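Since the structure is predicted, the reported quantities are computational estimates derived from the model, not experimental observations. Chain identifiers are assigned alphabetically (A, B, ...) following the order of the sequence lines, protein sequences preceding nucleic acid strands; residue numbering begins at 1 within each chain. The analysis underlying the following values was restricted to heavy atoms, covering all of them including side chains, and did not include hydrogens, waters or symmetry mates.
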Protein chains: 2
Amino acid sequence: MTAEAKPASPPLTERQEARRRRILHASAQLAGRGGFEAVQMREVAEEAGVALGTLYRYFPSKIHLLVATMQDQLQHMHTTLHKRPPAGQDPAQRVADTLMRAFRALQREPHLADAMVRALTFADRSVSPEVDTVSRITTAIILDAMGLEHPTPEQLSAVRVIEHTWHSALITWLSGRASIAQVKIDIDTVCRLIDVTRPDAAKTDPTKP
Amino acid sequence: MTAEAKPASPPLTERQEARRRRILHASAQLAGRGGFEAVQMREVAEEAGVALGTLYRYFPSKIHLLVATMQDQLQHMHTTLHKRPPAGQDPAQRVADTLMRAFRALQREPHLADAMVRALTFADRSVSPEVDTVSRITTAIILDAMGLEHPTPEQLSAVRVIEHTWHSALITWLSGRASIAQVKIDIDTVCRLIDVTRPDAAKTDPTKP
DNA sequence: ATCCAGTCTGAAACTTGTTCTAGATTAGCG
DNA sequence: CGCTAATCTAGAACAAGTTTCAGACTGGAT
């Protein structure tokens with residue numbers, strides 16, 4: 001367990017917490033059918049039983065809302081994955097397993113995945129803190145799968161690259177430019193970096209043997 | 001030289017070609033200051049001396065327009081890179097060099113880069129063919145840098161992962177969540193895959209030695 | 001030169017994200 | 001309880017992407 005996002009700037013009252021939850025639920029619901037464009041702010045507000053202005057007070061833009069939705073979903077996934085940790089022998093395999101499992105979970109709700117991922121990559125600087133939170137949770141998931149207590153800087157770099165690949169591969173799949181098989185290959189390929197960056201890995205780069 | 005996008009469905013007249021060019025120029029111009037949101041369809045149309053409806057006939061959406069703009073710019077970059085090929089010893093180094101050079105080129109016009117990359121990753125299925133063209137050009141650039149005649153399937157996978165990393169790292173930089181130094185590290189890290197997937201690479205994955 | 005089909009223009013209309021405002025409600029506090 | 005500040009609601013208004021349409025224009029075939 002690493003980062004779990006609890007800024008809690010002004011502590012919300014119970015009713016407010018409930019409103020927030022209704023909004024996120026409506027967002028996920030609408031995203032579930034229809035994807036990104038089906039999440040229309042007016043509809044979210046109505047579905048959540050909240051005025052449009054209130055929706056905007058809670059989430060200052062559609063992107064903020066969807067990124068928050070992603071945080072929420074990722075958190076679920078993180079705890080779910082915790083219950084059944086990957087079984088693989090070596091770290092690379094476990095990470096690949098975990099990511100493919102997450103991937104299959106997203107596959108079950110492709111529209112929702114579409115909305116969340118599109119929002120995530122479209123987010124501009126004003127959403128950086130929230131996007132960063134998502135990134136931290138993702139990192140935590142990967143590190144959990146690796147099962148290492150003290151990853152080296154090199155390994156952290158590998159994790160970063162894995163995250164990059166994960167996001168980008170997800171996008172190419174969502175936009176229909178890559179098959180699931182292709183995604184698996186990409187994930188497996190990038191996970192090799194985990195082996196390569198093992199502290200005790202025999203150096204394989206003679207450059208001039 | 002690999003893929004250069006010449007569908008030329010209906011061959012355009014000279015005036016039409018000129019219009020198309022004016023539109024792309026206006027798009028790049030406006031993107032250059034202001035980024036994604038500064039590219040407003042009405043303004044592009046006016047700047048290009050074309051009616052709004054015409055703009056939409058040439059590019060059916062803002063995303064299409066910006067992705068086409070990216071194609072255009074990438075093509076430039078590809079030919080530019082061709083003139084001064086990277087000097088590094090081994091393929092991994094040459095690829096990393098090339099990508100960082102491209103990266104520095106984008107740094108000179110961060111707003112333009114922002115507009116193009118945001119459009120690229122936000123594109124939905126209706127833009128797949130155009131996005132695919134961008135991807136092919138990128139692949140061509142990387143393969144050129146590797147300088148291999150017949151890359152193995154493994155190496156092609158590595159190239160795919162490098163592309164993923166490139167795009168995603170670009171996004172994190174553009175949204176201010178990563179420094180240039182961080183991007184360089186990520187690029188260097190992922191380029192290791194080129195060595196790992198060398199046909200003659202000594203296997204480094206004993207899993208259980 | 002004439003005519004047809006396709007293209008371009010200008011302007012209005014429509015959609016959806018976002019902002020704003022005036023009045024009702026709620027929460028915390030003395 | 002009664003007050004005050006913050007919050008919430010309903011609805012209008014605004015901004016920018018997209019669509020639509022009637023009429024002018026162009027290019028090519030007869």
| Separation of atom CE in M41(B) from atom C1' in dG17(D), rounded to whole Å | 7 Å

| Looking at CD1 of I137(B) and NE2 of H76(B), how far apart are the two atoms once the value is rounded to the nearest 0.5 Å? | 11.0 Å

| So, are D132(A) and R136(A) salt-bridged, with charged N and O less than 4.0 Å apart? | yes

| task | Hey, which sits more toward the 5' end of DNA chain D by its nearest nucleotide, A51(A) or S61(B)? | result | A51(A)

| request: Starting at atom CD of E43(B), determine the distance to atom C1' of dA15(D), rounded to an integer number of angstrom. | output: 12 Å

| query | Any idea which of dC8(D), dT26(D), dT18(D) is nearest the R15(B) side chain? | reply | dT26(D)

| What distance do I141(A) atom CD1 and H78(A) atom NE2 have between them, rounded to the nearest 0.5 Å? | 5.5 Å

| Nearest-Å distance, CZ (R57(A)) to C1' (dT9(D))? | 12 Å

| request: Would you kindly give the CG-to-C1' distance between L52(B) and dT19(D), to the nearest whole Å? | output: 9 Å

| task | Measure centre to centre between the rings of F122(B) and F36(A), then say whether the value is under 6.0 Å. | result | yes

| said: I want to check one thing: is the phosphate of dC8(D), taken as OP1 and OP2, less than 4.0 Å away from some side-chain N or O of Y58(A)? | reply: yes

| message | Once you apply a heavy-atom cut-off of 4.0 Å, does R42(B) come out as touching a base, just sugar-phosphate, or nothing? | response | base

| salt_bridge(R21(B), D72(B)) N-O dist < 4.0 Å | yes

| Atom-to-atom span, NZ of K62(A) to C1' of dA15(D) - whole angstrom | 16 Å

| message | Between C1' on dC8(D) and CZ on R20(A), what's the gap in Å once rounded to a whole number? | response | 18 Å

| remark: Bounded by its outermost nucleotides with an atom under 4.0 Å from a heavy atom of chain B, the footprint on DNA chain C reads dT7(C) to dA13(C)

| request: Report the distance from atom CD1 of I185(B) to atom OG of S179(B), rounding to the nearest 0.5 Å. | output: 7.0 Å

| task | Measure the distance from OH on Y56(A) to P on dC14(D) and round it to the nearest whole Å. | result | 17 Å

| said: One pair to check against side-chain contact (heavy atoms from CB on, under 4.5 Å): R22(A) and E47(A). What are the steps and the verdict? | reply: CA-CA 8 Å; R22(A) 284 205 308 279; E47(A) 188 104 354; over 6 Å; no

| Should the pair K184(B)-D188(B) be classified as a salt bridge under the 4.0 Å nitrogen-to-oxygen rule? | yes

| said: I need the CD-C1' distance between E14(B) and dG28(D), as an integer number of Å. | reply: 16 Å

| request: Check each residue of residues 27-39 of chain B for a non-hydrogen atom within less than 4.0 Å of any atom in DNA chain D, then write out the ones that pass by number, or none. | output: V39(B)

| Any side chain to side chain donor-acceptor pair (under 3.5 Å) pairs touching residues 116-131 of chain A, not counting sequence neighbours? | D114(A)-R118(A), D124(A)-S126(A)

